[in-house]
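Below is one structure, written out as structure tokens, with a few remarks after it.
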Amino acid sequence: SPWPIQGEHVLRTIERYQIAFVHLFLPMVLEFEKLEERYDIKAMLSSLKGAAFAGMPLGKILTEKVRDQWGVDLYTYTSAGDTGTAWEAQEHDGYHLWEDTVLAETLDTITGTPVGDREIGELVATDLDNLAAPYIRFRSGDIVRVTREPALSGRTHARMWVLGRSGEEMLVTGKPVMQIGRG
């Protein structure tokens with residue numbers, strides 16, 4: 001993967017070879033942002049049909065910049081409780097869990113009981129396809145909302161929204177509270 005110091009080289013390579021897909025990381029996005037004064041980033045990235053992003057959070061402002069100002073069809077992905085990955089689909093409304101590979105539960109962070117659709121809880125994941133060393137009811141520490149309602153696209157895999165980590169919660173009069181809406 002490219003190092004941030006190579007941002008100019010990466011931009012020129014994408015433009016020259018008309019690259020269709022790249023995997024972006026936060027340091028590379030920040031490097032492209034620094035180069036905006038000298039280059040037309042949107043024009044240089046115009047060959048991209050899409051890009052993936054994961055790792056350190058990109059945040060709302062940079063996500064909007066990449067998608068809206070630079071014109072990149074950006075798809076972010078995250079962990080599915082360390083059993084695999086969960087990806088955004090075309091509507092960018094939650095991460096799709098591949099339910100043929102993971103059994104995802106959302107449990108109340110205090111009682112450990114299941115929560116309802118779209119209610120906040122901890123993602124607990126069970127591998128369905130790892131026969132060598134599967135995670136069984138792995139407590140991910142990810143605080144999520146999950147729905148099994150089909151997406152607008154018709155996809156029927158469960159979708160989740162990651163709100164934070166269990167270490168970011170605090171108890172207020174016996175109820176878990178956390179700041180939501182980072183980035």
Side-chain angles (χ1 to χ4, degrees), residues 23-27 29-30 50-70 72-183:
H23 192 121
L24 296 173
F25 298 94
L26 182 60
V29 172
L30 295 174
F53 182 91
M56 297 166 28
L58 188 58
K60 182 180 179 181
I61 292 171
L62 281 177
T63 299
E64 288 173 356
K65 176 176 271 195
V66 172
R67 286 182 177 149
D68 301 335
Q69 293 177 28
W70 297 348
V72 175
D73 193 9
L74 182 68
Y75 293 88
T76 60
Y77 66 97
T78 190
S79 171
D82 287 0
T83 63
T85 57
W87 286 74
E88 287 184 309
Q90 62 207 29
E91 56 275 311
H92 303 292
D93 186 19
Y95 297 101
H96 289 266
L97 293 159
W98 295 92
E99 292 182 288
D100 48 348
T101 65
V102 62
L103 171 64
E105 301 173 78
T106 313
L107 304 182
D108 183 280
T109 58
I110 302 298
T111 67
T113 59
V115 300
D117 194 67
R118 292 186 183 262
E119 290 183 10
I120 296 172
E122 180 181 7
L123 175 65
V124 176
T126 298
D127 271 324
L128 298 177
D129 65 344
N130 183 343
L131 301 178
Y135 281 121
I136 308 297
R137 300 200 79 211
F138 174 73
R139 296 196 65 154
S140 68
D142 292 328
I143 304 301
V144 301
R145 282 185 304 117
V146 174
T147 187
R148 288 185 166 69
E149 295 172 7
L152 290 175
S153 64
R155 291 194 60 187
T156 57
H157 283 287
R159 285 175 293 145
M160 75 171 176
W161 294 264
V162 179
L163 306 174
R165 300 280 298 153
S166 59
E168 298 168 353
E169 277 187 321
M170 65 179 126
L171 290 179
V172 176
T173 63
K175 294 185 179 188
V177 176
M178 69 185 303
Q179 181 179 352
I180 298 176
R182 299 180 292 175

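- Salt bridge Arg165/Asp142: present, at least one basic N to carboxylate O contact under 4.0 Å.
- With a 4.5 Å cut-off on side-chain heavy atoms, Ile120 and Ile143 count as touching.
- A side-chain donor-acceptor contact under 3.5 Å links Tyr95 and Thr76.
- To the nearest 0.5 Å, atom NE2 of residue His92 and atom OH of residue Tyr75 are 4.5 Å apart.
- Residue Arg148 comes nearest to Ala158 through the heavy atom pair CG-CB, 3.9 Å, listed as atom of the first residue, atom of the second, then distance.
- Residues satisfying the side-chain contact (heavy atoms from CB on, under 4.5 Å) test with Pro134, not counting sequence neighbours, are Asp127, Asn130, Ile136.
- For the residue pair Thr101 and Asp129, the shortest heavy atom distance occurs at CG2-OD2, 3.3 Å.
- Nearest heavy-atom pair across Leu74 and Glu88 is O-OE1, 3.8 Å.
- In this model, no donor atom of one side chain and acceptor atom of the other lie less than 3.5 Å apart for Glu122 and Thr109.
- A distance of 9.0 Å separates CD in Glu119 from CG in Asp108, rounded to the nearest 0.5 Å.
- Between the side chain of Glu91 and the backbone N or O of Ser153, at least one donor-acceptor pair lies under 3.5 Å.
- For the pair Thr126 (side chain) and Arg137 (backbone), a donor-acceptor distance under 3.5 Å is present.
- The shortest distance between side-chain heavy atoms of Arg118 and Trp161 falls below 4.5 Å.
- With His96 contributing its side chain and Trp87 its backbone, the two residues share no donor-acceptor pair below 3.5 Å.
- A distance-only check finds a donor-acceptor pair linking the side chain of Ser140 to the backbone of Leu123 [under 3.5 Å].
- Remark: Leu30 engages Leu26, Glu33, Leu62 in a side-chain contact (heavy atoms from CB on, under 4.5 Å) (not counting sequence neighbours).
- To the nearest 0.5 Å, the span separating OG1 on Thr78 from CG on Leu97 amounts to 9.5 Å.
- By the 4.5 Å heavy-atom criterion applied to side chains, Leu58 and Leu24 are not counted as neighbours.
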Check against side chain to side chain contact (heavy atoms under 4.5 Å, CB included), Gln90 and Leu152
CA-CA 9 Å; Gln90 62 207 29; Leu152 290 175; over 6 Å; no
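- Closest approach of Ala125 and Thr83 over heavy atoms only: CB-CG2, 3.7 Å.
- Here the side chains of Arg145 and Leu163 are in contact, with some heavy-atom distance below 4.5 Å.
- For the pair Val146/Met160, a side-chain contact is recorded, criterion being any heavy-atom separation below 4.5 Å from C-beta on.
- Ring geometry for Phe138 versus Tyr135: interplanar angle of 30 to 60°, hence tilted.
- No more than 12 heavy atoms of other residues, nucleotides or ligands sit less than 6.0 Å from atom CH2 of Trp98.
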